[in-house]
Amino acid sequence: MAQTTDEAELRAALAEGPITVYCGFDPTAPSLHFGNLVQLVLLRRLQRAGNRVVCLVGGSTGLIGDPRPTAERVLKTKEQTAEWVDRIQAQVRPFLDFDGENAAVMVNNLDWTAPISALDFLRDVGKHFRVNQMIKKDAVAARLNSDQGISYTEFSYQILQALDYLHLYREHGVTLQTGGQDQWGNLTAGVDLIRRAEGASVHALTTPLLTDEAGNKFGKSEGNAVWLSAERTSPYAFYQYWINVEDASVIKLIKVFTDRTPDEVAELERSLAEEPFKRLAHRTLAADVTTLVHGADATAAVQAASEALFGKGDVRALDPQTFRDATAALGGGEVQVGTAVIDALVAAGLVDSKKAARRAIAEGGVSVNGAKVTDEAAVLGEQDFLFGAVALLRRGRKNLAAARVVDHAE
RNA sequence: GGCAGGUUGUCCGAGUGGCCAAUGGAAACGGACUGUAAAUCCGUCGCGGUAACGCUACGCAGGUUCGAAUCCUGCACCUGCCA
């Protein structure tokens, strides 16, 4: 928890009985990512604790765009946004319980925003907002001070989000909105609106931005975002992301993302301190979160793959089935017998260009099936494709890919 | 509409006729060290080529020049001030 409107009052409200809480997700991409996971887990816990949960996917706010402090967003088409709304709704469903007596509710703010005319919007909603306050919100202030400026469109975003809160307060009795720390301005805009329009006092709660010891945001893997969809970030890559988290942050992440009990956490903490080489905390974290997002079956598969690929043994010694399953989890490309290692690295997506591939070999960072490649002109021969199918390419300590042989009849 | 300033590689940011594929920083990547950790040290960091070298690149299009990221013209976009 980072900030709340009135912590004492919120605690009292929560203690008194179930409340109704909402959190919104804007369809700015076809998939949710690491950052959204914090909110999903929070909602999940709140629901399990007996509270009612309303999950909003921003069909209208997604069309406008929450102002980023750095730059204006490029508008997405309505069709695109609508499609992403569907995808994100589907992605959220597994995290919450939408059946039973305490079923979560899924809403789309386009339903109540779209019918409002511009005039009604300005007269009925706009009157409650003071520009003087609006320009003080962090993201807006940053943009006003930048040489980018800010469009009227994005400037209006906070009004739309505040309107959502008001609507949900009226229709569903929502009295708490959660969000990331950067959403504070938008959340309080809603709280203020409800106070003015309804004379009611409602709450807002933000979660702190998760950063590593160096102060960097979590959720970036090799410069790419960690997505929740298997198409964008494979379960294998997802699992590996968590396995590689720095020691100093594992325990914190376990507390945030998993349902481990305090006793279990204490045990993991002890293990981390006394027998770090076992990497027990990392394995637990990776397994728990991967299960949460991708399910138990996928987790078992990537665990086995990781075990096989990073185990001490020789990959050649693995039994064919294990090897096949493990490499199936990896990214890779198709090559033919006789393809140069350099070209195979490019085809498998391990490097961006042949030049980079050559460089990697020169740096001593490339191996095929565990054997270091020293010759830039090396080619993949028949014997390199283990079990007649796949050559395991490695760049650096932990970038692996599979070069799958294709019918070389052509 | 007028005036002024800006647009450089993933990002920030130098460079104002040749020595510039372009200083510096960040990010990233590889190696050593380890525990698929952090810190540290070393190295790499446009594309093709073993290399010599070639190609592409400093908003876009032309031009001046033996030679331009650097000068000129037009256009686009951004920012500020004025109307």
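Every chain is numbered from 1, with letters handed out A, B, ... down the list of sequences.
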So, is [X] near the phosphate of [N], with a side-chain N or O under 4.0 Å from OP1 or OP2?
X        : N      : result
A:Arg359 : B:rC47 : yes
A:Lys354 : B:rC47 : no
A:Ser306 : B:rU36 : no
A:Arg358 : B:rU50 : yes
A:Asn399 : B:rG30 : yes
A:Lys372 : B:rG31 : no

What's A:Val250 touching, base or sugar-phosphate or nothing? Going by heavy atoms closer than 4.0 Å.
nothing
What nucleic acid atoms does A:Lys278 come within less than 4.0 Å of, heavy atoms only: base, sugar-phosphate, or nothing?
nothing
Identify whether the distance between the nearest side-chain nitrogen and carboxylate oxygen of A:Glu307 and A:Arg283 falls below 4.0 Å.
yes
In plain terms, say whether A:Asp259 and A:Arg48 are close enough for a salt bridge, that is, a side-chain N and a carboxylate O under 4.0 Å apart.
yes
Could you identify the nucleotide paired to [N], looking across every strand shown and requiring Watson-Crick or G-U wobble geometry with both distances under 3.5 Å?
N      : answer
B:rU23 : none
B:rC41 : B:rG31
B:rU70 : none
B:rA57 : none
B:rG80 : B:rC3

Donor-acceptor pair present, A:Gln240 side chain and B:rU36 base, under 3.5 Å:
yes
Residue [X], side-chain heavy atoms: nucleotide from [options] that is nearest:
X        : options                : value
A:Ser353 : B:rU36, B:rG48, B:rG35 : B:rG48
A:Lys355 : B:rG49, B:rU50, B:rU34 : B:rG49
A:Lys398 : B:rG43, B:rG48, B:rU36 : B:rU36

Sorted by first residue and then second, give each salt bridge (charged side-chain N to carboxylate O under 4.0 Å, His left out) pair with at least one member in residues 76-88 of chain A; sequence neighbours left out.
A:Glu83-A:Arg87
